[in-house]
Amino acid sequence: MGVSKQAVLEALSNVTEPDLKKDIVSLGLVTLERVEGQHISIVVKVSNPAMHARLRMREACEFAIQRVLGSGFTVDCEVVPISGDDRQGEWRKVLPGVRHLIAVASGKGGVGKSTVASNLAVGLARRGYQVGLLDADIYGPSAPTMFDLVHERPQVIESNGQKKLQPIIQYGVKVLSIGFFAEMDQAIVWRGPMATKALNQLITDADWGTLDFMIIDLPPGTGDVHLSIVQAIPLSGAVIVSTPQPVALADARKGIGMFKLPAINVPILGVIENMAWFTPEELPENKYYLFGRDGARLLAEQMEVPFLGPLPVIQSIREAGDAGRPAIMQDGTAPAHYLNEILTNFEREVRMLPFRKKEKAGAASGS
């Protein structure tokens with residue numbers, strides 16, 4: 001004897017998505033592929049892409065169907081991660097007051113990712129946006145130094161009956177970093193799960209309020225922290241920072257590939273080429289391509305993502321970061337000029353995001 005699709009959905013409504021805390025049917029995470037005779041075929045989406053989490057979900061669905069409908073049914077249950085395009089509605093319970101969550105990433109360390117992230121955040125604030133910066137580089141936090149907040153500590157406040165961390169405001173940017181909770185010479189030696197838990201607390205246990213942009217300075221590479229962030233919060237897009245040299249470009253390519261994975265599917269807003277060239281002060285017309293020429297620009301073209309612009313090797317950019325006063329604040333200087341050009345291109349790509357989504361939806365439907 002067969003069973004109706006509605007009966008199958010009612011049975012599955014007893015299964016809860018562990019991260020979103022609601023049943024998988026009301027969240028729209030169930031697709032009925034086939035209900036025929038004693039055989040039921042379904043696809044279920046989950047927030048946690050780990051194999052053990054998918055196995056638990058499959059077992060829970062099989063148990064729910066057989067408990068409600070009877071042990072005679074066979075269940076073919078495919079469990080897949082929630083993709084970037086699905087992260088709407090319930091996902092906005094995480095940082096609901098933030099309009100755009102932007103990850104700044106790099107394939108390898110030492111390419112200037114944190115310098116770009118801090119200047120991007122301050123530049124946006126100077127253009128009138130409400131901005132936050134989350135220093136998610138657990139093992140090498142830079143925000144306390146780059147925002148001149150080395151000796152500052154966030155306060156705990158009461159918000160809606162809950163105790164929350166209050167981000168420190170500097171240069172118009174709300175800043176939180178794991179570096180606020182460790183001394184400058186104290187090594188942060190954590191395993192992946194501990195780092196992930198600490199990062200989640202900075203996201204969910206802080207009073208970020210209403211923001212136009214949250215800039216998230218990721219650690220270099222593609223690891224646990226990256227996967228945790230892209231699965232925990234609905235990123236609007238990612239910015240990739242690289243130098244022109246082949247060894248950096250190879251890792252940047254992997255970073256772009258990570259965000260393009262179907263299970264992650266975060267739009268690449270663009271690539272920034274840091275340390276693009278060097279111009280000596282005494283030879284202002286000369287450009288010396290110390291790390292190669294146009295490598296990041298060519299990478300962007302090859303991978304069909306926007307190029308946001310170059311940033312030359314300029315001593316004052318490094319000095320500004322060390323002094324805790326981002327170089328984009330130095331109006332009328334060469335660093336501010338290049339950084340503002342990058343910022344303008346970044347704003348353009350953010351404005352294009354809704355059109356990208358419409359184009360993608362149209363292509364998927366064949367229209």
Side-chain angles (χ1 to χ4, degrees), residues 91-106 113-126 129-160 162-184 186-188 190 192-220 224-239 321 324-326 328-329:
W91 281 94
R92 296 312 285 155
K93 288 182 177 179
V94 180
L95 300 171
V98 182
R99 185 179 178 191
H100 295 297
L101 293 119
I102 310 295
V104 179
S106 65
K113 168 185 55 62
S114 295
T115 296
V116 167
S118 59
N119 278 282
L120 193 60
V122 172
L124 287 166
R126 283 165 63 86
Y129 296 104
Q130 298 295 314
V131 184
L133 182 131
L134 172 62
D135 184 0
D137 194 344
I138 295 291
Y139 304 109
S142 303
T145 297
M146 292 190 168
F147 281 82
D148 193 21
L149 297 171
V150 170
H151 302 294
E152 300 294 327
R153 297 293 180 267
Q155 301 297 311
V156 177
I157 61 171
E158 194 86 15
S159 177
N160 297 323
Q162 295 181 315
K163 289 186 176 180
K164 296 276 189 178
L165 280 173
Q166 186 175 41
I168 300 172
I169 299 177
Q170 184 76 304
Y171 310 133
V173 178
K174 294 182 178 179
V175 182
L176 269 185
S177 168
I178 199 67
F180 290 145
F181 307 97
E183 297 301 323
M184 284 192 67
Q186 179 183 349
I188 301 174
W190 288 343
M194 291 180 64
T196 299
K197 183 178 179 181
L199 183 56
N200 285 337
Q201 288 181 316
L202 293 182
I203 295 170
T204 60
D205 294 345
D207 184 25
W208 288 102
T210 301
L211 298 175
D212 297 304
F213 290 94
M214 177 181 284
I215 305 300
I216 304 174
D217 182 9
L218 292 178
D224 287 349
V225 173
H226 306 77
L227 187 60
S228 297
I229 284 181
V230 298
Q231 291 297 330
I233 58 178
L235 290 176
S236 305
V239 172
R325 192 171 173 81
I328 201 167
M329 300 171 67

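Values in this document were obtained by computation on a predicted structure and should not be read as measured data. Starting from 1, each residue takes its place in the sequence as its number.
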Open item on the list: Among residues at least two apart in sequence or on other chains, which ones pass salt bridge (Lys or Arg N to Asp or Glu O under 4.0 Å) with D135?
Closed with: none
Task: Contact check, side chains of V122 and M329, non-hydrogen atoms, under 4.5 Å - done: yes
Task: Contacts of F213 that satisfy ring pair (Phe, Tyr, Trp, His ring centres under 6.0 Å) - sequence neighbours left out - done: H100, Y129, F346
Task: Spacing of CG belonging to L202 relative to CG belonging to L165, to within rounding of 0.5 Å - done: 7.0 Å
TODO: May I ask you to test the I203-L134 pair for a side-chain heavy-atom distance under 4.5 Å?
DONE: yes
Open item on the list: Counting C-beta onward and ignoring hydrogens, is there a side-chain heavy-atom pair between V104 and I215 closer than 4.5 Å?
Closed with: yes
TODO: State whether the side chain of K164 and the backbone N or O of V156 hold a donor-acceptor pair below 3.5 Å, judged by distance alone.
DONE: no
- [ ] Step by step, work out the side chain to side chain contact (heavy atoms under 4.5 Å, CB included) result for L95 and L101.
- [x] CA-CA 9 Å; L95 300 171; L101 293 119; 3.3 Å; yes
TODO: Test L211 against M214 for side chain to side chain contact (heavy atoms under 4.5 Å, CB included), laying out the working first.
DONE: CA-CA 7 Å; L211 298 175; M214 177 181 284; 4.2 Å; yes
Open item on the list: I'd like to check M146 versus T115 (side-chain heavy atoms, cut-off strictly below 4.5 Å). Are they in contact?
Closed with: yes
Open item on the list: I'd like to check I216 versus L218 (side-chain heavy atoms, cut-off strictly below 4.5 Å). Are they in contact?
Closed with: yes
TODO: Of all the heavy-atom pairs spanning F180 and E152, show the shortest one and how long it is.
DONE: CD2-O, 3.7 Å
TODO: Give the minimum heavy-atom separation between S236 and R99, together with the two atoms involved.
DONE: OG-O, 3.9 Å
TODO: Would you name the heavy atoms of S114 and S142 that are closest together and state the gap between them?
DONE: OG-OG, 3.6 Å
Open item on the list: One pair to check against side chain to side chain contact (heavy atoms under 4.5 Å, CB included): I102 and L235. What are the steps and the verdict?
Closed with: CA-CA 6 Å; I102 310 295; L235 290 176; over 6 Å; no
- [ ] Would you indicate whether the side-chain heavy atoms of L176 and I168 approach each other to under 4.5 Å?
- [x] no
- [ ] Side-chain contact test, heavy atoms from C-beta onward, threshold under 4.5 Å: evaluate it for K113 versus D217 and give yes or no.
- [x] yes
Task: Exercise: identify the closest heavy-atom pair between I328 and G123 - done: CD1-CA, 3.7 Å
Task: Distance-minimising heavy-atom pair for G132 and W208 - done: CA-CZ3, 4.1 Å
Task: Main-chain N/O of F147 paired to Q170 side chain as donor or acceptor, under 3.5 Å - done: yes
Open item on the list: Show me the pairs that pass salt bridge (Lys or Arg N to Asp or Glu O under 4.0 Å) and involve residues 198-207, at least two apart or across chains.
Closed with: none
Task: Contact summary for T210 and Q130, nearest pair of heavy atoms - done: O-CB, 3.8 Å
